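See below for the structure under consideration.
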Amino acid sequence: MATMENVIELVNRIQRACTVLGDHGGDGGAASLPALWEALPSVAVVGGQSSGKSSVLESIVGRDFLPRGSGIVTRRPLVLQLHKTEVGEQEYAEFLHAPKRRFTDFALVRNEIEDETDRLTGRSKQISPVPIHLSIYSPNVVNLTLIDLPGLTKVATEGQPESIAQDIENMVRLYVEKPNCIILAISPANQDIATSDAIKLARDVDPTGERTFGVLTKLDLMDKGTDALDVLEGRAYKLQHPWVGIVNRSQADINRNVDMIIAREKEQEFFVSSPEYAHLASRMGSEYLAKLLSQQLEAVIRARIPSITSLINKTIDELESEMDHLGRPIGSDAGAQLYLVLELCRAFDKIFKEHLDGGRPGGDQIYWVFDNQLPAALRKLPFDRYLSLQNVKRIVSQADGYQPHLIAPEQGYRRLIDSGLSYFRGPAEASVDAVHNVLKELVRKSIGETEELRRFPTLQAELAAACYKALESFRQEGRKTTVRLVDMESAYLTVDFFRKLPQEVGRTGTGYPVDNAGTGPSTPGDRYSDTHFRRIASNVSSYIDMVSGTLKNTIPKAVVHCQVREAKRSLLNYFYIQVGSKDAKQLALLLDEDPALMGRRQQCFKRLELYKSARDEIDAVSWSR
């Protein structure tokens, strides 16, 4: 059964994960924290400059690790997460901005805080709302999250903007106004509590005092004959929680590097041996303060568990949805990888067929080719020029050779028709090419619309290349078939068409030929009249029109049969053969993902695991404790 202490540590881990994994709003500071982060309680340390904030934090941690100096020292919020470890384990610290570096020398921690502060603010007295995240693991701490904020001030010093006082207050308010924020208000005992910047701000954001803990520092520096009992006993300024007195290390102790454990013992000795504070000794000191804050944190967590659990469940649902969108992790064995590739291909093929069958836009472009482009191309063929009187005379004369035709110029007809039908090859091939381009575009669109494929750019490229290769083979077959249709029309003319035409030449009783109108005898010279050739041109034009009507119907059939139907039936056959011959290493390369997408999934998976763990551990807590 998990204990409340486990859950406090769990809250610490969730807060850290929110920061590491981007759920805290990035570098935007407290103002951009989402609902989950806000639901997790923390402790904000508030006080005026030189009030002893840093010393209080070091006393709680038991380590000397914070920058020191006069004026404004804390220039960026420091989110300090304390993690209690087993007795005997080595203490160490880790920064969020340097996750692979473990600090065991806490003097280096101080240097890193200073360097990271200067990285954003420069070596000036400017401030920044972007927090520094530090985790300390030690057997000498309690599980706690503390936020050290810049000290409140009233005036700007050299190198600071005039608005510095208001800027700092606004920054502090962003944290302490949160309903789950416990306010640790630090005030020095050697100043009038009525002038305390920390108490004034805490009263504004927490008028009932239920979130505020008053801490009085520098009790050992008060003038002789004076004490702070009125404050510590709640008479000077009453809070719902008891005031806690702290005796920090003196500057001489700091200079001598007095161990913090020894400093804690001296602090406790101060209260026990003091006539004024002896009766309060059990409720004074940094160790007591840490325990008190931990108990308060427990109480807040108890009160907020339902809302925290609800938000965790909501976040889990959102992350599950995101994982489905990003795609689940890939198996390492060849069988799982091949199965995934085939599943992705099926998803693509489904979308491609939806485009063709009308479920998605794009397939109608094929019909446009047949209904508009092909008829327009047929109408634009230059038959008017080809069947001009001059051209018909030339072709018929050339077909007759040295011996002119006797009745009907059959060779001339055949040559005119054969050469004329060859014009149909252009529109036929153009229809094939146009449908090919439509199919290629549908492949491109389908790959882009297959969400599961987006994570695999290499697979996308190879799938597209294989599809284009298959479409090219379909195009070649379509060209052969449509051109064959044209050639078939040339190879065997429709005899019935010509039998139904009026006979060109008849005979009279005199034996002389007459025209088909029977208007009188026709001399041999009449057979080569313009009227005769116009009649030939008209007959050939009628035959070509008949063939054009036939091809207008049969070319689409051939194109659909050879290209569209085959694309639906066997577009991926070539790719399947390729994939089936790949080994595990080649499949892994094929499923090589976009690094950015892999990073997103990895972060999403980590968040999901964290929140599931959080939900399970919170559910397992013994609330009877």
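One-based numbering along the sequence shown. Treat the numbers as computed from the prediction; the structure is a model and nothing was measured.
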Flag, side chain of Arg454 to backbone of Gly448, donor-acceptor distance under 3.5 Å: yes
Approximate separation, where rounding is to 0.5 Å, of Asn111 CG and Asp105 CG: 8.5 Å
For Pro129 versus Tyr175, what's the shortest heavy-atom pair and its separation? O-OH, 4.2 Å
Let me see the working for Ser286 and Glu267 under side chain to side chain donor-acceptor pair (under 3.5 Å), right down to the final yes or no. CA-CA 8 Å; Ser286 55; Glu267 178 188 41; 3.1 Å; yes
Geometric class of the Phe213/His241 ring pair [parallel <30°, tilted 30-60°, perpendicular >60°]: parallel
How close do Thr208 and Gln240 get, counting heavy atoms only, and between which atoms? O-NE2, 2.9 Å
In Å, rounded to the nearest 0.5 Å, how long is the span from CZ of Arg211 to CG of Asp206? 4.5 Å
Checking Glu169 against Arg173 for the salt bridge (charged side-chain N to carboxylate O under 4.0 Å, His left out) test, could you report, in this order, the C-alpha distance in whole Å, the side-chain angles of both residues, the deciding distance, and whether it holds? CA-CA 6 Å; Glu169 182 175 336; Arg173 282 180 179 273; 3.0 Å; yes
As an exercise, state the distance from CG of Leu280 to CD of Glu233, rounded to the nearest 0.5 Å. 5.5 Å
Would Leu174 and Asn170 count as a side chain to side chain contact (heavy atoms under 4.5 Å, CB included) here? Give the steps. CA-CA 6 Å; Leu174 288 176; Asn170 292 341; 5.8 Å; no
Between Asp230 and Arg235 (side chain of the first, backbone of the second, donor and acceptor by atom type, cut-off under 3.5 Å), is there such a pair? no
Using the side-chain contact (heavy atoms from CB on, under 4.5 Å) definition, which of the options Val244, Val215, Leu184, Val142 pairs with Leu293? Leu184
Measure across Pro150 and Ile168 and return the closest heavy-atom pair with its distance rounded to 0.1 Å. O-CG2, 3.8 Å
To the nearest 0.5 angstrom, please state how far the CD1 atom of Ile147 sits from the CD1 atom of Ile182. 10.5 Å
Kindly check if the number of other-residue, nucleotide or ligand heavy atoms within 6.0 Å of CZ (Phe270) is above 12? yes
Residue pair Tyr277 / Ala228: nearest heavy atoms and the distance that separates them: OH-N, 3.0 Å
Would you mind checking if Lys612 and Glu320 are paired as a salt bridge, meaning a charged N to carboxylate O distance below 4.0 Å? yes
Is the shortest heavy-atom distance from the side chain of Pro139 to the side chain of Glu91 under 4.5 Å? yes
Verify, without hydrogens or angle tests, whether Arg283 (side chain) and Gly245 (backbone) share a donor-acceptor contact under 3.5 angstrom. no
Looking at side-chain heavy atoms only, is the closest gap between Leu229 and His279 below 4.5 Å? yes
Could you check if a side-chain atom of Glu452 sits within less than 4.5 angstrom of a side-chain atom of Glu343, using non-hydrogen atoms only? no
Tyr237 vs Trp243 aromatic rings, parallel, tilted or perpendicular, using cut-offs 30° and 60°? perpendicular
Glu58 pairs by salt bridge (charged side-chain N to carboxylate O under 4.0 Å, His left out) with which of Lys53, Arg63, Arg249? Arg249
Taking the side chain as everything from C-beta on, heavy atoms only, tell me whether Arg101 gets closer than 4.5 Å to Phe95. no
Tell me whether Lys266 at atom NZ has more than 12 heavy atoms from other residues, nucleotides or ligands lying less than 6.0 Å away. no
Nearest heavy-atom pair of Pro77 and Leu149: which atoms, and what distance? CB-CD2, 3.9 Å
Derivation and outcome, side chain to side chain contact (heavy atoms under 4.5 Å, CB included), residues Glu116 and Arg76: CA-CA 9 Å; Glu116 181 63 13; Arg76 287 176 60 182; 3.5 Å; yes
Is there side-chain contact between Thr458 and Leu589, with at least one heavy-atom pair below 4.5 Å? no
What heavy-atom pair brings Ala236 and Val231 nearest, and what distance separates the two atoms? CB-CG2, 3.8 Å
One should read off an interatomic distance between Ser196 OG and Leu152 CG, to the nearest 0.5 angstrom, of 9.0 Å
With heavy-atom distances below 4.5 Å as the criterion, would you say the side chains of Pro67 and Arg110 are in contact? yes
What is the ring orientation for His83 with Tyr137, classed by angle as parallel under 30°, tilted 30 to 60°, or perpendicular over 60°? parallel
Is Ser51 reaching over with its side chain to a backbone N or O of Gly48, donor-acceptor style, under 3.5 angstrom? yes
Leu608 vs Ile316, side chain to side chain contact (heavy atoms under 4.5 Å, CB included): CA-CA, chis, key distance, verdict: CA-CA 6 Å; Leu608 185 59; Ile316 288 174; 4.0 Å; yes
Side chain to side chain contact (heavy atoms under 4.5 Å, CB included) between Leu219 and Ile246, worked out: CA-CA 7 Å; Leu219 289 168; Ile246 298 289; over 6 Å; no
How about Asp616 and Ser613: do any of their side-chain heavy atoms sit closer than 4.5 Å? no
When you measure from the side chain of Ser294 to the backbone N and O of Ala290, does any donor-acceptor pair fall under 3.5 Å? no
Pairwise side-chain contact, His97 with His133, heavy-atom cut-off 4.5 Å (strictly under): no
To the nearest 0.5 Å, atom CG of Leu80 lies from atom CG of Leu134 at 5.5 Å
So, the side chain of Ser59 versus the backbone of Ser55: is there a donor-acceptor pair under 3.5 Å, distance only? yes
